[in-house]
Amino acid sequence: MQQNFIEGVLAITRDIKLFCLALIVNKLFMGFLVGTVITVLLVGFILSKNPLHIPMILRYSRAESFQRIADRNQSGTFDRSFSEFVKVYSQVRALFLIAFISFCLMVVVIVLKQN
């Protein structure tokens, strides 16, 4: 009984390996993936005006990323308004969310088309 379980797990891992290899070899998928990555990075760089801010925007909440990103003058007040930052924050997060959703949809379409 234990031997059947081990062979079942091995069969599942081989099936997952074949699926991943089929995705990598698929030209449609790779073209979509490369194009999506390039587009998302370029638009993200344009929206944020500083590419180093993108990881902080994606990782932290609005208030925390504003605290980390916004510059302060000598009196301690912020040089940039919070409402302006929230607009950029929302656009960057929406862009990456849309890219993630379209990536997931592309994987689902390829899986359904192969069968």
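The shown structure was predicted, so the numbers you read here are calculated from the model rather than taken from an experiment.
Ring geometry for Phe82 versus Phe66: interplanar angle over 60°, hence perpendicular rather than tilted (30 to 60°).
Within the structure, no pair that satisfies the side chain to side chain donor-acceptor pair (under 3.5 Å) test touches residues 9-34, not counting sequence neighbours. Within the structure, side chain to side chain donor-acceptor pair (under 3.5 Å) contacts touching residues 85-94 (residues at least two apart or in different chains) are Tyr89-Arg93. Each side chain to side chain donor-acceptor pair (under 3.5 Å) pair with one or both residues in residues 52-67, not counting sequence neighbours, appears once here: Asn50-His53, Glu64-Arg68, Gln67-Arg72.
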Worksheet item: Leu28 and Met106: side chain to side chain contact (heavy atoms under 4.5 Å, CB included), yes or no, with the steps?
Response: CA-CA 9 Å; Leu28 179 67; Met106 187 67 178; 3.4 Å; yes
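Under a hydrophobic-cluster definition in which Ile, Leu, Val, Met, Phe, Trp and Tyr are linked whenever side-chain heavy atoms come within less than 4.5 Å, directly or via other members, Met56 and Val86 are assigned to the same cluster. In this structure, Met30 is a member of the same hydrophobic cluster as Phe19, with clusters built from ILVMFWY side-chain heavy atoms closer than 4.5 Å. Linking ILVMFWY side-chain heavy atoms closer than 4.5 Å, directly or via other members, places Leu58 and Leu95 in a single hydrophobic cluster. Linking Ile, Leu, Val, Met, Phe, Trp and Tyr residues whenever their side-chain heavy atoms come within less than 4.5 Å places Val107 and Phe32 in a single cluster. Cluster annotation: Leu105 and Leu97 are assigned to the same hydrophobic cluster (Ile/Leu/Val/Met/Phe/Trp/Tyr, side-chain heavy-atom contacts under 4.5 Å, transitive).
Note that the CD1 atom of Ile98 and the CZ atom of Phe96 stand 11.5 Å from one another [nearest 0.5 Å]. Here the CD1 atom belonging to Ile16 is positioned 12.0 Å from the CG atom belonging to Leu21, to the nearest 0.5 angstrom.
Contact check for Phe103 versus Thr36: no side-chain heavy atoms found under the 4.5 Å cut-off.
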